[in-house]
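Contents: one structure, followed by commentary.
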Amino acid sequence: VQFELGWLHLLTYLLSCTMAWMLTEYLLHHFLFHSETYFLNRFDWFRKLHFIIHGIHHVLPLDKNRILFPPIMGVPILCLIMLGISLSLANPFPQIIGGGIATGYCFYDLWHYAMHNLKKSAFMPHLRYHNRHHFAPMDGNFGVTSDVL
């Protein structure tokens, strides 16, 4: 089966998936990384994994080597997501959705890196928003890119 998508449709799908990633990033950050989850309280292996992929960043928020999600974890997760999408949707949608997720993730990583490293005036409102997440009580500002939306 051959699908033909116009550029407008393709751009709409990519932007929608990128926005979906931003929402997913907020939800994961809030409800998995910053909540007393069932797994975090009951399984020592999960507590260690949680610390490796996120907790260390809060212990050392100014460490430039701990800002981005480790690719050794991110690539397998993206592959699993792509496998699930590929098994449930016909072409070309898995590639489009995967491209949108990857685009959103790259934007998230670049934005998060900028929040920690660029002290430019254009970033200051976002940096203040993000710093409240790191240095104030953990009751908000969970999404790195959600203030961009």
* With a cutoff of under 4.5 Å between side-chain heavy atoms, which Ile, Leu, Val, Met, Phe, Trp and Tyr residues group with Val59? -> Phe51, Ile56, Leu60
* **Set of side-chain hydrogen bond (donor to acceptor under 3.5 Å, both in side chains) partners for Tyr105, sequence neighbours left out** => Asp109
* **Transitive ILVMFWY cluster of Leu8, excluding itself - 4.5 Å side-chain cut-off** => none
* **Residues which pass side-chain hydrogen bond (donor to acceptor under 3.5 Å, both in side chains) with His112, listed by chain and number, not counting sequence neighbours** => His57, His116, His130
* **Within one Ile-Leu-Val-Met-Phe-Trp-Tyr cluster: Leu83 and Ile81, side-chain cutoff 4.5 Å** => no
* Structure fact -> So CD of Glu25 and CZ of Phe107: to nearest 0.5 Å the spacing works out to 10.0 Å
* **Whichever hydrophobic residues join Leu11 through chains of side-chain contacts under 4.5 Å** => Leu15
* Kindly give the cluster partners of Leu80, where membership spreads through any ILVMFWY side chain lying under 4.5 Å from a current member. => none
* Structure fact -> Rounded to the nearest 0.5 angstrom, the CD1-CZ distance for Ile52 and Arg47 is 13.0 Å
